[in-house]
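Report on the structure given below.
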Amino acid sequence: MKPEPGGQNAALDPRTYPDLAPDAGDPLAGLGRTAAAQGVTLAPTRPWGRWDASQDPLSVAVESDRGVCVVEFARHRHAVSVRFTRPWIGNAATADAPTLHDTVALLDAWQRQVPLDEMGRRWPYLAIEPFALALEQGRALSYRWQEVRSLPADTIDKDLVEAAYASPPLRALYPIVSHAALAFSDTPLPPHSARFPRATPDGEHGWLVGRQDEYASAHTPAAGPDEAVDALVRLLPETGGEERGSADGDGTDTKRTP
């Protein structure tokens, strides 16, 4: 969402937000003033979305190197929420901040790269997304496999998932489930390389196995999960699977932008 120019009616009511009274209800000015009083230098800050009297909430974006933080001010009640986002992940953490002072403290910790688990200990009301935490702690691979293995049978064939998990070359890759197909990648976040294979359902119990950049007509039929896994392993690129090993880690640069 791209910001649009703010209007004269964008300001919040100081009666609803007494802490913005010195700023005539301007949340941008209020964040800047509060940060200066706390000795904090905020990352570039700008309106987020359309700024006029019709907008509820009124939002401000703080664009740090770690990811964009969106601070939302409810228009008709005193409620400030903060969303910390990461490229390709979306929300990494969210919080309802009691005051502007707390809001700035959270923003400062985020842009100073304070680990999410430490932020959670400092601010117990901070809700942290499990995958974002796993990625930051180098547990993304095991997290993804646990997530995929927990999917219901109407989403992905569980026999195929378990057969793939039992194969060390495939277990060393990140599993991706889409439209009942099981694909693999050497990175936990997009963009994923099309060099890696996938198994797509074909009839009641069969599979078509091939590289993601190939037409389905070039894919190999497999009669069951074990046969599909064998075909998947044979199609792994030289840099994937066995050469990667089974060590966990994030395996990518999370600063990529869509």
Side-chain angles (χ1 to χ4, degrees), residues 1 19 27-28 30-46 48 57 59-73 79-151 171-176 185-192 244-258:
M1 181 186 300
D19 39 4
L28 270 173
L31 282 173
R33 175 181 52 80
T34 305
Q38 294 175 217
V40 172
T41 301
L42 288 179
T45 306
R46 60 177 173 82
W48 181 253
S59 302
V60 172
V62 183
E63 299 180 309
S64 74
D65 290 340
R66 190 178 187 181
V68 176
C69 311
V70 180
V71 184
E72 298 179 339
F73 296 80
V80 182
S81 64
V82 186
R83 293 188 290 113
F84 301 97
T85 70
R86 298 292 300 270
W88 302 112
I89 295 177
N91 290 344
T94 58
D96 292 327
T99 66
L100 276 184
H101 182 282
D102 295 296
T103 301
V104 168
L106 282 162
L107 293 172
D108 181 48
W110 173 263
Q111 64 188 27
R112 288 191 296 105
Q113 305 284 340
V114 174
L116 283 171
D117 58 346
E118 184 176 337
M119 289 180 66
R121 289 192 294 271
R122 291 189 194 179
W123 295 280
Y125 52 80
L126 182 70
I128 300 171
E129 290 297 321
F131 177 65
L133 182 61
L135 186 68
E136 192 170 275
Q137 294 179 337
R139 298 183 291 104
L141 182 60
S142 57
Y143 180 91
R144 280 301 192 213
W145 271 110
Q146 179 182 7
E147 186 178 52
V148 168
R149 295 177 76 198
S150 300
L151 290 174
R171 191 168 64 243
L173 297 169
Y174 295 89
I176 303 167
S185 176
D186 59 350
T187 62
L189 300 176
H192 298 297
R244 180 185 172 89
S246 59
D248 212 334
D250 59 25
T252 192
D253 179 3
T254 59
K255 292 183 181 179
R256 288 174 175 164
T257 55

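Interatomic distance, CZ of F73 versus CG of L100, reported as 5.5 Å (0.5 Å rounding). Here the CG-CD distance, from D117 to Q137, works out to 5.0 Å after rounding to the nearest 0.5 Å. Once rounded to the nearest 0.5 Å, the distance linking CG of D186 with CG of L141 reads 11.0 Å. Rounding to the nearest 0.5 Å places CH2 of W110 at 5.5 Å from CZ of R86. From L133, atom CG reaches atom CD1 of I128 across 6.0 Å, with rounding to the nearest 0.5 Å. Within the model, atoms CD of E63 and CH2 of W48 stand 7.0 Å from one another, a figure rounded to the nearest 0.5 Å.
For E147, the CD atom sits in a packed shell: over 12 heavy atoms of surrounding residues, nucleotides or ligands are nearer than 6.0 Å.
Counting all heavy atoms, side chain and backbone alike, A97 lies closest to Y125 at CA-CE1, 4.4 Å. Across A105 and Q38, no two heavy atoms sit closer than the pair N-NE2, 4.0 Å. Between L189 and T187, the closest heavy-atom pair is O-OG1, 3.1 Å. In terms of heavy atoms, A140 sits closest to Y174 at C-CE2, 3.7 Å. When all heavy atoms are compared, the tightest approach of A93 to L126 is CB-CD1, 3.8 Å. The two residues R139 and S142 make their nearest non-hydrogen contact at O-OG, 3.1 Å.
For the pair W145 (side chain) and L173 (backbone), a donor-acceptor distance under 3.5 Å is present. In this structure, E136 contributes its side chain and L116 its backbone to a donor-acceptor pair below 3.5 Å. Between the side chain of T85 and the main chain of V68, a donor-acceptor pair closer than 3.5 Å is present.
Side-chain contact between T103 and T34: absent, with no pair of heavy atoms (C-beta onward) separated by less than 4.5 Å. When side chains are defined from C-beta on, L135 counts as touching P188, because their heavy atoms get closer than 4.5 Å.
Residues satisfying the side-chain contact (heavy atoms from CB on, under 4.5 Å) criterion with A43, sequence neighbours excluded, are V62, S64, Q111.
Sorted by first and then second residue, the pairs that involve residues 88-111 and meet salt bridge (charged side-chain N to carboxylate O under 4.0 Å, His left out), not counting sequence neighbours, are D108-R112. Sorted by first and then second residue, the pairs that involve residues 32-43 and meet salt bridge (charged side-chain N to carboxylate O under 4.0 Å, His left out), not counting sequence neighbours, are D23-R33.
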